[in-house]
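On a predicted model such as this, the values are computed, not experimentally measured, just so you know.
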Amino acid sequence: MTYREARVYLDEMSKYGSVLGLETVRGLLRELGDPQDDLKFIHIAGTNGKGSVLAYTSMILSEAGYRTGRYVSPTVVSYLERIQVDAEWISEEDFARLTEKVRNAVARLEAAGKDLPTVFEIETAIAFLYFKEMKCDLVVLEAGLGGELDATNIIRNTVCAAFASISMDHLGILGNTLEEIAENKAGIIKPGCAVVSARQKDSVSRILRSRAERYGCSYVQAEPELAEIEREDYHGIYFSYKEFRVLHTVMAGKNQIGNAAAALEVIRTLRKTGYKIADDAVRRGMERTQWPGRFSCIGESPVFILDGAHNEDAALRLRESVEAYFPGRRLIGIMGVFKDKEYEKIAQTMGPLMSAAYAVDLPDEKRGLPAQELAAVLGKYCPCVRCLSEAGLGISKQPGKPVSLPGSGADRRKQSVESAVASALWEADREDVILAFGSLSYLHWVKDAYDKAVW
């Protein structure tokens, strides 16, 4: 099997959608020899910031000399980015080889009349196989959807269950209230593991603490208010936190101190359980951490920022960052979002900041909110909104003049993003700020389009 064939196979399996529950993935992993049982995990759940907490934690552990796996989704730069060891992506060859191994196991299950796994369950199995082959000391594992019934929760050997900020997301799937969502995410807590949480709302903290006490787990909540910020701008932050002095992160944004504090509490907890992690490793790991699509600056004059703010809480943090870093500067927005997200609240939060905005389609046609519908919502809050959709409306070099987009399907959706980037760059002055935000799933198209436009 080649890498291309592996990707085609996974695309075919994606038709089975997303199903919460552990029975199918349990059967698949049993067929593969339960590789996850030979690994130790730091399991991370949450709504906003879990990727950043994962990135900080895994990089620090790698710098401390531990072979560290990381499993994340979605990704921005490359599909292979989701499975890494010591910040190195899995190779195309290894991915193809392990996909073939999992495909053969799926075929045996199908022949036996068993339920077929979802694509996420297959990807999770591939990751576990790879981490076992690579003899990882620890795997930092990001929960996909929720926690309790997410495929990643099949693991047993949880050293630390960590929680980024929990807010409203996936309504009707994880629950209809913040407390129901928190209960679902708290399901990653295993008996006897350590529990670390970012700063949470009181009702969420009570739920996490109660679950931890029920299972005999220690519980620590980060205290970002204790961070001493020495310097901060959209290129990064210099700060100290408790015993960790003068740290530097290139991760900008008003939410990053909270994420960094949560990761540092994970490190403090691991130290207490016997892991040797020197202060120099913490400093190097913090400085080396990069996480595309989280208030990432990809260009100057005009400043061009990417941010995966896909719900109300993330949009509020994004607004704080924009107001702090770019006071008085003209903002041009590019927005694409899933239709199951709080897009009205995101638009209401960010729309008034923007002098102009472009609404675009997303790569995932089934989940994406059509650009026309998004433009209608944005138009309530932003004075100038332009729709760029695969339905055939593009933007020429003169904003507002529509042109047809050739091709169809994904090609046209990608061209809608390329047209938005080119038009925003044409429209912007050197002192302006362009902000592409919403779903992480289209930001790689934005980055590619920016690189093409400036080169």
| said: I'd like to know if the side chain of Lys190 reaches the main chain of Thr158, judged simply by a donor and an acceptor atom lying under 3.5 Å from each other, with no hydrogens or angles considered. | reply: no
| said: Regarding Arg386 and Glu427, does a basic nitrogen lie under 4.0 Å from an acidic carboxylate oxygen? | reply: yes
| Glu431 and Arg330 ion-paired at < 4.0 Å | no
| Ser419 side chain vs Gln415 backbone, donor-acceptor pair below 3.5 Å | no
| Donor-acceptor contact present, side-chain Ser416 to main-chain Val360, <3.5 Å | no
| field | Student check: side-chain heavy atoms of Leu10 and Phe95 closer than 4.5 Å | value | yes
| said: I want to check something: taking the side chain as every heavy atom from C-beta on, are Leu22 and Glu148 in contact at a cut-off of under 4.5 Å? | reply: no
| task | Anything under 30° is parallel, anything over 60° is perpendicular, the rest tilted; go ahead and classify Phe295 against Phe326. | result | parallel
| Are the side chain of Tyr66 and the backbone of Lys276 linked by a donor-acceptor contact shorter than 3.5 Å? | yes
| query | Does Glu320 offer a backbone N or O that forms a donor-acceptor pair with the side chain of Glu323 under 3.5 Å? | reply | no
| field | Euclidean distance, Glu373 CD relative to Tyr343 OH, rounded to 0.5 Å | value | 6.0 Å
| Stepwise salt bridge (charged side-chain N to carboxylate O under 4.0 Å, His left out) test for Lys254 and Glu232 | CA-CA 10 Å; Lys254 287 300 182 181; Glu232 176 182 10; 3.2 Å; yes
| message | Could you go through Glu223 and Arg199, starting from their C-alpha distance and side-chain angles, then the distance that decides it, and tell me whether this counts as salt bridge (charged side-chain N to carboxylate O under 4.0 Å, His left out)? | response | CA-CA 7 Å; Glu223 301 173 285; Arg199 173 70 70 196; 5.1 Å; no
| said: Parallel, tilted or perpendicular: which one describes the rings of His248 and Tyr238, with boundaries at 30° and 60°? | reply: parallel
| field | Under-4.0 Å salt bridge between Lys452 and Asp448 | value | no
| request: Kindly indicate whether the side chain of Tyr325, heavy atoms from C-beta on, has any atom under 4.5 Å from the side chain of His235. | output: no
| message | Apply side chain to side chain donor-acceptor pair (under 3.5 Å) to residues Ser203 and Glu179 and explain how you reach the verdict. | response | CA-CA 7 Å; Ser203 60; Glu179 291 72 26; 2.9 Å; yes
| task | Would you mind reporting whether Ser210 and Ile207 have side-chain heavy atoms less than 4.5 Å apart? | result | no
| task | State whether Arg268 and Glu243 are salt-bridged, where the test is any N-O pair (Lys NZ or Arg NE/NH1/NH2 against Asp/Glu carboxylate O) under 4.0 Å. | result | yes
| Is it true that Arg4 and Glu92 make a salt bridge, defined as a side-chain N closer than 4.0 Å to a carboxylate O? | no
| Verdict with supporting geometry, Glu88 and Arg70, salt bridge (charged side-chain N to carboxylate O under 4.0 Å, His left out) | CA-CA 10 Å; Glu88 294 290 332; Arg70 61 167 80 170; over 6 Å; no
| query | Under 4.0 Å between a Lys/Arg side-chain N and an Asp/Glu carboxylate O for Asp411 and Lys414? | reply | no
| Asn48/Asn255 under side chain to side chain donor-acceptor pair (under 3.5 Å): CA gap, chis, key distance, verdict | CA-CA 9 Å; Asn48 296 311; Asn255 56 324; over 6 Å; no
| said: Whether Arg211 and Glu183 form a salt bridge (side-chain N of Lys/Arg under 4.0 Å from carboxylate O of Asp/Glu) is what I want to check. | reply: yes
| message | For the backbone of Thr47 and the side chain of Ser167, can you confirm whether one donor and one acceptor N or O come within less than 3.5 Å of each other? | response | no
| field | Residues Glu418 and Arg413 bridged, charged N to O under 4.0 Å | value | no
| request: Run the numbers on Ile44 and Leu141 for side-chain contact (heavy atoms from CB on, under 4.5 Å), then give the verdict. | output: CA-CA 6 Å; Ile44 302 178; Leu141 185 68; over 6 Å; no
| task | Compare all side-chain heavy atoms of Asp364 with those of Tyr442 and state whether any distance is below 4.5 angstrom. | result | no
| Are the charged groups of Asp279 and Arg284 less than 4.0 angstrom apart, N to O? | no
| field | Main-chain N/O of Tyr130 paired with Asp94 side-chain donor or acceptor, under 3.5 Å | value | no
| task | Count the heavy atoms of every other residue, nucleotide or ligand shown that sit under 6.0 Å from CG of Asp11, and state whether that count exceeds 12. | result | yes
| With a distance cut-off below 6.0 Å to the six-membered ring centre and an angular limit of 45° from the axis, does Arg367 pair with Phe338 as a cation-pi contact? | yes
| query | So do the side chains of Leu425 and Phe304 get within less than 4.5 Å of each other, counting heavy atoms only? | reply | yes
| How many angstroms lie between CG in Leu264 and CD1 in Ile277, if you round to the nearest 0.5 Å? | 10.5 Å
| task | Kindly indicate whether the side chain of Leu54, heavy atoms from C-beta on, has any atom under 4.5 Å from the side chain of Lys50. | result | no
| message | Under a 3.5 Å distance rule, please check whether Asp432 uses its side chain to pair with a backbone N or O of Pro302 as donor and acceptor. | response | no
| Side chain of Arg271, backbone of Thr269: donor and acceptor closer than 3.5 Å? | no
| message | Working note: Glu344 + Lys380, criterion salt bridge (charged side-chain N to carboxylate O under 4.0 Å, His left out); need CA distance, chi angles, decisive distance, verdict. | response | CA-CA 10 Å; Glu344 175 89 35; Lys380 301 176 186 177; 3.4 Å; yes
| Would you call Asp137 and Lys40 a salt bridge, taking side-chain N to carboxylate O under 4.0 Å as the test? | no
| field | Salt-bridge contact Lys447-Asp451 (side-chain N to carboxylate O under 4.0 Å) | value | yes
| said: Using a 3.5 Å distance criterion without hydrogens, assess whether the side chain of Gln84 forms a donor-acceptor pair with backbone atoms of Glu81. | reply: yes
| Salt bridge or not for Glu265 and Lys242, using N-O below 4.0 Å? | yes
| field | Ion pair Glu63/Arg283, N-O distance below 4.0 Å | value | no
| request: Would you check if Tyr71 and Ile83 make a side-chain contact, meaning some heavy-atom pair closer than 4.5 Å? | output: yes
